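What follows is a set of notes on a single structure, which appears directly below.
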Amino acid sequence: MVVIHAISEHDLVSLRESVRGWPEGSTGTVVSDYGDAVLVEFSDSRGKTLDLVQVPVSKLEPVEP
């Protein structure tokens with residue numbers, strides 16, 4: 001049985017494919033939910049925001065903590 005986790009705000013996510021210069025596998029945090037797409041914040045190891053990218057949900061997968 002496969003359980004699908006709905007992606008929502010504050011979730012850590014990983015890109016399934018390259019988006020706007022961010023390579024597949026890049027991880028970020030969902031900061032806004034627009035239904036079929038979400039705004040993902042990519043940050044450095046100190047938490048400084050590097051980029052905010054609107055990404056279709058179909059191009060994301062949740063990252064387990």
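The structure displayed is predicted, hence computed values, not measured ones.
In this structure the side chain of Val40 never reaches within 4.5 angstrom of the side chain of Val31, judged on heavy atoms. Put simply, the side chain of Asp33 reaches to within 4.5 Å of the side chain of Val38, judged on heavy atoms.
Shortest non-hydrogen contact noted between Leu12 and Gly28 is CD1-O, 3.2 Å. Across Ser32 and Glu9, no two heavy atoms sit closer than the pair CA-OE2, 3.7 Å. Contact between Thr27 and Ser14 at its shortest, heavy atoms only, is CG2-CB, 4.1 Å.
Summarising the geometry, atom CG belonging to Leu52 is positioned 9.5 Å from atom CZ belonging to Phe42; distances are rounded to the nearest 0.5 Å. With values rounded to the nearest 0.5 angstrom, Ser18 atom OG is found 8.0 Å from Glu24 atom CD. Atom CG of Asp51 sits about 10.0 Å away from atom CD of Glu41, to the nearest 0.5 Å. Going from atom OG of Ser26 over to atom CD of Glu17 covers 12.0 Å, rounded to the nearest 0.5 Å. Note: Glu61 CD to Asp11 CG = 12.5 Å, rounded to the nearest 0.5 Å.
If you chain together hydrophobic residues whose side chains sit under 4.5 Å apart, Val19 and Leu50 fall into the same group. Under the 4.5 Å side-chain heavy-atom criterion for Ile, Leu, Val, Met, Phe, Trp and Tyr, Leu39 and Leu15 are members of distinct hydrophobic clusters.
The backbone N or O of Arg46 sits less than 3.5 Å from a side-chain atom of Asp44, completing a donor-acceptor pair.
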